[in-house]
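Since the structure comes first, as C-alpha cells, the remarks are kept for the end.
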Amino acid sequence: MTGLVIAVDGPAAAGKGTLARRLAAELGLPYLDTGLLYRATGRRVLDAGADPQDPEAATAAARALTPADLQRADLRGPEADRASSAVAAIPAVRAALLEWQREFGRRHGAVLDGRDIGTVVFPEAPVKLFVTASTAARAERRWRELLGRGVAAELPVVAAEMAARDAQDSARAVAPLRPAEDALVLDTTALDAEAAFAAALALVRRKLR
Ligand code: DC
C-alpha cells in the first residue's frame, strides 16, 4: 500500500482519529493526526502569552513548530480546543502547515485525519472519508472521554463548546470543514468504534478495488 493517501475528515469527536489510526495500522501506512499541528500551534501562542486570534503571533508559532511540540501532554482539553480552532482560522497559519502535511503524505503514503485533507491538502487522494455523527452523540463521546481522563465536565457545557468550535471550523473563509465532492460519508451516530472501523474498511476496500 506504499504511496496510497487516505483522507479522513470530519467534525470534532466523530470518531475519525480512532478510525484513521486503525485504518493506517491495517493497511500498513503511516498515520498523521493533523489536528495536533493546530493544537501545538495554539499551545505555543498561549505559552508566549499571546492571543490565538492574533495572526502574527499564531503564524510565528506555526512556523516555529518542531516534532517535539506534537508530543506535548497538554494538547487536549477545552483551552487547547479553543486555541487550535482560533489559530486554524488564520490563512497564514494554514499555509505554514500545508507543505509539512503534504511532505508527510508523499513520503510513503499515509492516512491523514483533519478537516481539509480531502479538499485542500490532498484533493487528489484516491480515497476520502468524511466521518460524522449527530451533535448529541459527539458531545456525549467527548464528555465521556473527559470524564475518563478525570476531567470534571458538564455535558451541556461540552455540547455548547463543541457546537461553537464546529461553527468556527465550518464558517471560516479558508479551508472550511466540509466534505469533498468525492468523499464517502460515514455516519457513526449509531456505530461503536468496532462497527465504525469495519464500515470504513469496507468502504476503503470497495473504493480501491
Ligand atoms: O481534529 P482536532 O479536534 O484535534 O482539531 C483541532 C482543531 O484544529 C479543530 O478545531 C480545527 C483545526 N483543524 C483544521 O482546521 N484542519 C485540520 N486539518 C485539522 C484540524
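Counting starts at 1 for both ligands and their atoms, in listed order.
- For a threshold of 3.5 Å applied to N or O pairs, the pair formed by Tyr38 and ligand 1 contains no separation below that value.
- Among protein heavy atoms, atom 19 (C) of ligand 1 sits closest to Thr34 OG1, 3.4 Å.
- The shell of residues lying under 4.0 angstrom from ligand 1, judged by heavy atoms, includes Lys16.
- For ligand 1, none of its N or O atoms has an N or O atom of Asp33 under 3.5 Å away.
- When each of Thr132, Thr188, Asp166, Thr189 is checked for a side chain to side chain donor-acceptor pair (under 3.5 Å) with Arg138, only Asp166 meets the rule.
- Side chain of Asp192 to main chain of Ala195: a donor-acceptor pair is present (N/O by atom type, distance under 3.5 Å, no hydrogens or angles).
- Backbone and side-chain nitrogen or oxygen atoms of Asp81 are examined, and none is located within less than 3.5 angstrom of a nitrogen or oxygen of ligand 1.
- Of the N and O atoms on the side chains of Tyr38 and Arg115, not one donor lies less than 3.5 Å from an acceptor on the other residue.
- At the shortest separation from atom 1 (O) of ligand 1 among protein heavy atoms lies Arg115 NH1, 2.8 Å.
- A 6.0 Å sphere centred on CD of Glu99 holds more than 12 heavy atoms belonging to other residues, nucleotides or ligands.
- Looking from atom 16 (N) of ligand 1 to the surrounding protein, the closest heavy atom is Arg94 NH2, 3.0 Å.
- Other residues, nucleotides and ligands place no more than 12 heavy atoms under 6.0 Å from the CD atom of Glu56.
- Inclusion of Asp113 in the set of residues having an N or O under 3.5 Å from an N or O of ligand 1 is not warranted.
- The distance from ligand 1 to the heavy atoms of Ala88 drops below 4.0 Å at these ligand atoms: 12 (C), 15 (O).
- Looking from atom 11 (C) of ligand 1 to the surrounding protein, the closest heavy atom is Asp169 OD2, 3.3 Å.
- Considering only non-hydrogen protein atoms, atom 4 (O) of ligand 1 sits nearest to Arg39 NE, 2.6 Å.
- Judged purely by distance below 3.5 Å, without hydrogens or angles, the side chains of Asp69 and Thr66 pair a donor atom with an acceptor atom.
- Between Met162 and Ala13 the shortest heavy-atom distance is CE-CB, 3.7 Å.
- Within ligand 1, counting atoms from 1 as listed, the ones closer than 4.0 Å to a heavy atom of Ser85 are 10 (O).
- Around CD of Glu145, the count of heavy atoms belonging to other residues, nucleotides or ligands within 6.0 Å exceeds 12.
- Shown here for Ile117 and Ala7, the closest heavy-atom pair between the two residues is CG2-CB, 3.5 Å.
- In this structure, the protein non-hydrogen atom closest to atom 7 (C) of ligand 1 is Ser84 OG, 3.3 Å.
- If you look at Arg82 next to ligand 1, there are no close heavy atoms at all, none under 4.0 Å.
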